[in-house]
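In what follows, a structure is listed as structure tokens, so that the remarks can point back to it.
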Amino acid sequence: MTIPKDIPEKWFPIVLPLKRKKQEGLNSTKEKRKGTEEERKVRANDREYNEKFQYANNCIMTSKYNIITFLPVNLFEQFQEVANTYFLFLLILQLIPQISSLSWFTTIVPLVLVLSITAVKDATDDYFRHKSDNQVNNRQSQVLINGTLQKEKWMNVRVGDIIKLENNQFVAADLLLLSSSEPHGLCYIETAELDGETNMKVRQSLSVTSELVDPYNLAQFDGEVICEPPNNKLDRFCGTLYWRESKYGLSNQNMLLRGCVLRNTESCYGLVIFAGPDTKLMQNSGRTKFKRTSIDRLMNTLVLWIFGFLVCMGVILAIGNAVWEKEVGSLFQSYLPWDPPVDNFLFSAFLAFWSYVIILNTVVPISLYVSVEVIRLGHSYFINWDRRMFCQRRNTPAEARTTTLNEELGQVEYIFSDKTGTLTQNIMTFNKCSINGHAYGEVIDTLGAQSKRGQPLDFSFNPLADSDFCFYDQTLLDSVKLGEPPVHEFFRLLSLCHTVMSEEKSEGELVYKAQSPDEGALVTAARNFGFVFRSRTPSTVTVQELGRPVTYTLLAILDFNNIRKRMSVIVRNPEGKIRLYCKGADTLLFERLHPCNQDLMNVTSDHLNEYAGDGLRTLALAYRDLSEQQWEDWAERHRGAERATDCREDRLAAVYEDIEQDMMLLGATAIEDKLQEGVPETIAILSLANIKIWVLTGDKQETAVNIGYSCKMLTDDMSEVFLINGHTVQSVREDLRKARERMVESARSRDGGKEEEMEGWAEGCSLGNGFGSGAGGGGGAGEYALVISGHSLAHALEADMEQEFLDTACACKAVICCRVTPLQKALVVELVKKHKKAVTLAIGDGANDVSMIKSAHIGVGISGQEGIQAVLASDYSFSQFRFLQRLLLVHGRWSYLRMCRFLCYFFYKNFAFTMVHFWFGFFCGFSAQTVYDQYFITLYNIVYTSLPVLAMGIFDQDVPEQRSLEYPKLYEPGQLNLLFNKREFFICIAQGIYTSVVLFFVPYGVLSQAARNDGIPLADYQTFAVTVATSLVIVVSVQISLDTGYWTAINHFFVWGSLGAYFTILFTMHSNILFSIFPNQFCFAGSAQNTLGQPVVWLTIALATVVCIVPVLAFRFLKLDLKPQLSDTVRYTQLVRQKKRKPGGRGGRGASGGAGGLGGGALGRLGRAGSRRSGYAFAHQEGFGELITSGKNMRLSSLALATFASRHSSSWIDTLRKKKQQQGPGQPSGGESSPASIPTAPLSTSSSLLGPQDVPAEEAAHTPLGPAYSSAVTPTLARSPGADSTGGWAISLGAVQEALFGWRGVGARVSGASSPGPPPIAEESSLAE
């Protein structure tokens, strides 16, 4: 709903279309071209020539309306809604006097109100779109016109213009780079708005145009470009430049795309090739999919059913009219003839049918849709105003950018998350290292135990040290100062083996421009320990080693690529000694070590395993000394490979392989890609809520797996982590089948070969969300993880394999997809949506996540380091991943609960209101006479009953927000759609019909025989109408009082105020004053006063109320007693805590209560498939080594290359889930295993889940079990005082524990033992408490 007020750059949100059979422009209907453009011809500085082709200008338009088109287009869109068309049809019927027994204003007033509110909302949204469009279109750009640079608005830029860009400016259109202020026509750009990558990229102009650096020469440039037509491929461009009777090939390296930002380049010039909607950025734009919630879809179905029910009632009453008119009405023709044009009983029945359609239409009042929108708007504001989702550091609040999806937040089953910038901060820090078999980074105290980090090391001895760098192990700094050769060689390698560029802004102030954050962290570490990389030229690298400048001759850079996973440099030191330094993935580097390194390799491997276990990105370092002859022989072969015209990459790789042999191991590094605050805890809590989290990242496999371990998605207790790396369809299929076979075999071995159970379990994986009662259920099925690479995923997503991939993935607790493209992210989301029929949520922070965000049911944007594209395309946005748990478990769950309760009550009250007319039809000769007067019919849904249900829909809660976080299992009813479904709907309308029967027949039976005090009978129409209407308003008010679970002052005001408003309006309309002014409209003067002045009427109202409400109360008490819901149990435990003021004793930790008890049912640690190490190799891009040695990127000034727990299911949830998933009877239940891996440590705020003796009762009330359960001596502790058996509120402790956490056999625990419970959340104050 809300739009950012200050948008630094407004691009229409990117989404890679899921079907690319043909290219589609954003505004193809606005383009006036004839036919499809096959190629583009652009002539520089010649607008007249270019205008012949009618190319699009640079103006973008994302708005839908203008002043002239708004009213007709908006009304046309609104009347495409079935409900609005239906009410318009009813309005037309009411204008026909022969069939209308109600005035037209009973329909037109609410209809106009709905249309007006929606129109204002649409107009507001479109105003912000106009505003942001104008903000972009009116940006200033320097355009070369008639030989001089003139400022022009972006919207006035044309294809063929030459534009000058300056540092930090956005690129206005897709440009061919002509020249730059940098040497060799280089310029540096940041593409975060396009692909989400924050590292800098290099673009280079053609050498023939790189000398055109002044406006005069550029004005003479008349080259012609012939290139491909507009398309959405961001990484490809094919064209040819014709100039001076020569032609030059053009590629993507020569292009600057709209959305990029010029960085660290003083200025450059470019020729506009594509403008406005033709730019690649806008070609990737797609119309935002209109997202509907599952409740919306269900409501549409129910409305159709209700309409069918309405038609059936109309038919029944029309038949009754025909029979009555034929049998009885004909007897009155002499003095009560039919009104023209009625001339027979059949035509009378036809008119009666339409009359009853009008009268009974209130079963689906138009106010329903207004109320739904108001409630959703209120929920959106609650999200916007939530201070616990406000980031102080970035001054960024959470923002609900849509009002239509709030209740869907309470039904999410799958979360698809980006990694970099979403789970992590994308900030690398040098954490630990291993040098010559010695590990550094762990701080050990005098007793040999690992101690907490203290003060960081003092690097004041080094004037060039980076003040932001922190390291805590003094022994490493001592080793450097003592001059230990392996340590010096280690840091020398880090200062030489890289492609970082150094910029010295002032004396001693170094700024490193690293292509990847990893490299920057390593070079910065070497800098602080005394080996400072100062500068480089194409043939030298200058390092200041412990204050002494040393210049090395750079002989060769053996560049990184995705296959090699390593890079090397060959340098000659000042003494003439030649040495090769290499760093890369340990799995590949260890294979190339000299055999004498075996012992050191074993020790280093242990260190690497330890680092990888901590989730660090690891890297191995080695060196090799070369003789002059070896160097010369290899250099000759290297030159030959470089000159090769065919298979150049393969030849170079072979030459690199030759020299990178027999190396000597130096050690290893460990870099931490810092997780965002609270990520592991958030993932753990969401897992407890039965939400499956898949990570879809463009990063490499090792990095993603490391982060998976860091954020506890992957754990050492998992049975196995399957790596799918096949490059062919057959290999991927085989890998998936092997993974499934391993799962089945593992489960069989653990369960003693129960063949039948295993068959049912294996079959269940294709039916449910995992094995047994769910993946990761802690049962016999075990826990697995799937890691699949992008090239394998491309095959897995093919039509004949997608189901097999989905079955395998859903059988795993965690899924990580690596090196995936934006399109693949969207396809994975679409796959789950298609086959699992589950609500999906996608969360990301970069433009490369937009396609995923758009494809999911709910899109969440992280306002982080990678631009605002994800935020602009999202439905919700905030700045930290950890806020997701609050968005789902609190706001989402409450929104779903409130909407369901609102709908149940709304349908109930309207059936109770409308069906009275149906029963009355049998007593009024089926004449379409209404029970209530038309003013009551008009005001019932607008005034008398609208505000109380709105208050409930906006403010209601079942449990406080803290309990929602403490008990994530409360989230599951939304996933199973338990609170509002077809069954609940039929229950509501059955209750409404029952209420209508009581409200009609009880007053009818009483008043037909009743008389006033003076003997005058009360059996008149108006007395009956007032009695029924009053009874109805009171009954529905009492009903909503029972339905409201959380009372606020607003609820009280609306409920009792609505009752007061009813009586006030009733007495006013029946007053003598209105009768004297409008005698024809208010003709029943004094009826209300006379009716409500009779005691028998009030007794009748009281009787009707009791008969309506008592069965409801009885049913609810029985349901609470026999089958309480989880929220009922949570409320009961809270009630017990509040009543038990006596602090409980400390529970001794028995054999089954400690960690050992938890681990008893846990799976043994099995070997993982593949290595977790080496977070370095794929973070780089190939080609920078060649660029450095060529000298093309050298300049005098600066240079720019900068860049969880087991699922604990309560039995009733398990039963419903099994029904939903249609699992076989032979399938084992995941609820029978002990909770094996509840990570209490990182989440807990206290050492025990049970209230200690010295904790005050008020404080203990916030613990998950509280003082009421501080001792587990007997299972009857939680009984009501005086209760002899379990019943009503007397729920046993064992039953409560089982319902809350899925524990079984709790009663068998040792007396006084402390039981494991859910991880408590940090104390939060709550208005609900």
Side-chain angles (χ1 to χ4, degrees), residues 427-498 500 502 508-512 514 517-534 541-550 552 581 583 600 603-604 606-608 610-611 614 616-623 664-674 1176:
I427 299 173
M428 309 296 176
T429 58
F430 184 80
N431 195 289
K432 299 176 183 178
C433 63
S434 171
I435 304 175
N436 198 32
H438 296 285
Y440 299 95
E442 295 287 359
V443 183
I444 308 298
D445 62 19
T446 55
L447 298 177
Q450 183 177 338
S451 65
K452 294 182 179 179
R453 289 182 175 180
Q455 292 296 322
L457 298 184
D458 181 11
F459 293 104
S460 58
F461 74 94
N462 181 3
L464 296 175
D466 186 344
S467 58
D468 294 330
F469 179 83
C470 293
F471 200 78
Y472 299 88
D473 191 350
Q474 182 66 38
T475 57
L476 181 56
L477 186 57
D478 294 341
S479 299
V480 171
K481 292 181 177 180
L482 292 174
E484 295 183 10
V487 177
H488 280 206
E489 202 64 23
F490 179 90
F491 286 114
R492 186 174 291 117
L493 184 152
L494 294 182
S495 66
L496 293 171
C497 186
H498 56 79
V500 174
S502 175
E509 185 184 353
L510 289 174
V511 177
Y512 289 151
D518 306 68
E519 276 211 323
L522 293 174
V523 177
T524 300
R527 166 185 176 179
N528 275 60
F529 282 100
F531 289 76
V532 185
F533 165 63
R534 294 297 297 265
V541 177
T542 300
V543 179
Q544 187 162 321
E545 299 182 354
L546 299 175
R548 182 174 60 92
V550 181
Y552 293 85
Y581 291 108
K583 66 180 180 183
L600 178 58
V603 176
T604 305
D606 291 339
H607 292 159
L608 284 167
E610 180 185 338
Y611 299 156
D614 293 336
L616 304 178
R617 300 157 66 98
T618 58
L619 191 65
L621 313 180
Y623 71 95
M664 304 298 293
L665 182 62
L666 270 175
T669 62
I671 294 176
E672 180 183 8
D673 183 3
K674 290 187 175 181
Y1176 165 76

Using the side chain to side chain contact (heavy atoms under 4.5 Å, CB included) definition, which of the options Val550, Val532, Val543 pairs with Ser495?
Val543
Does Asn528 reach the main-chain N or O of Asp466 with its side chain, forming a donor-acceptor pair under 3.5 Å?
yes
Can you tell me if His488 uses its side chain to pair, donor with acceptor, with the backbone of Val480 under 3.5 Å?
yes
Can you tell me how far the CG atom of Leu665 sits from the OG atom of Ser434, to the nearest 0.5 Å?
7.5 Å
Side chains of Asp518 and Phe430, heavy atoms from C-beta outward: is any pair under 4.5 Å?
no
When you measure from the side chain of Arg534 to the backbone N and O of Pro549, does any donor-acceptor pair fall under 3.5 Å?
no
Taking the side chain as C-beta and beyond, is there a heavy-atom pair between Leu621 and Thr669 under 4.5 Å?
yes
Please assess Tyr440 against Ser479 for the test side chain to side chain contact (heavy atoms under 4.5 Å, CB included), listing each intermediate value before the final yes or no.
CA-CA 10 Å; Tyr440 299 95; Ser479 299; 3.5 Å; yes
Quick one: does Gln544's side chain get under 4.5 Å of Arg527's, heavy atoms only?
no
Tell me whether Tyr512 contacts the main-chain N or O of Phe533 through its side chain, where contact means a donor paired with an acceptor under 3.5 Å.
yes
When you look at Leu476 and Phe491, which way does the side chain to side chain contact (heavy atoms under 4.5 Å, CB included) test go after all the steps?
CA-CA 11 Å; Leu476 181 56; Phe491 286 114; 3.9 Å; yes
Is the backbone of Val487 close enough, under 3.5 Å, to the side chain of Asn436 for a donor and an acceptor to pair up by distance?
no
Is it the case that the side chain of Lys583 and the backbone of Cys497 share a donor-acceptor pair, with hydrogens and angles ignored and the cut-off at 3.5 Å?
yes
Please determine, by modelled atom types, if Asp473 and Thr475 share a side-chain donor-acceptor pair under 3.5 angstrom.
yes
Could you walk me through whether Gln455 and Tyr472 pass the side-chain hydrogen bond (donor to acceptor under 3.5 Å, both in side chains) test, one step at a time?
CA-CA 7 Å; Gln455 292 296 322; Tyr472 299 88; over 6 Å; no
Check Leu608 against Ala668 and note the closest heavy-atom contact, atom names and distance.
CD2-CB, 3.5 Å
Does Phe529 have its ring centroid less than 6.0 Å away from the ring centroid of Phe471?
yes
Give a yes/no verdict on a cation-pi contact between Lys481 and Phe461, requiring under 6.0 Å between NZ or CZ and the six-membered ring centre and an angle within 45° of the axis.
yes
State, with a plain yes or no, whether a side-chain heavy atom of Pro456 is found less than 4.5 Å away from one of Phe469.
no
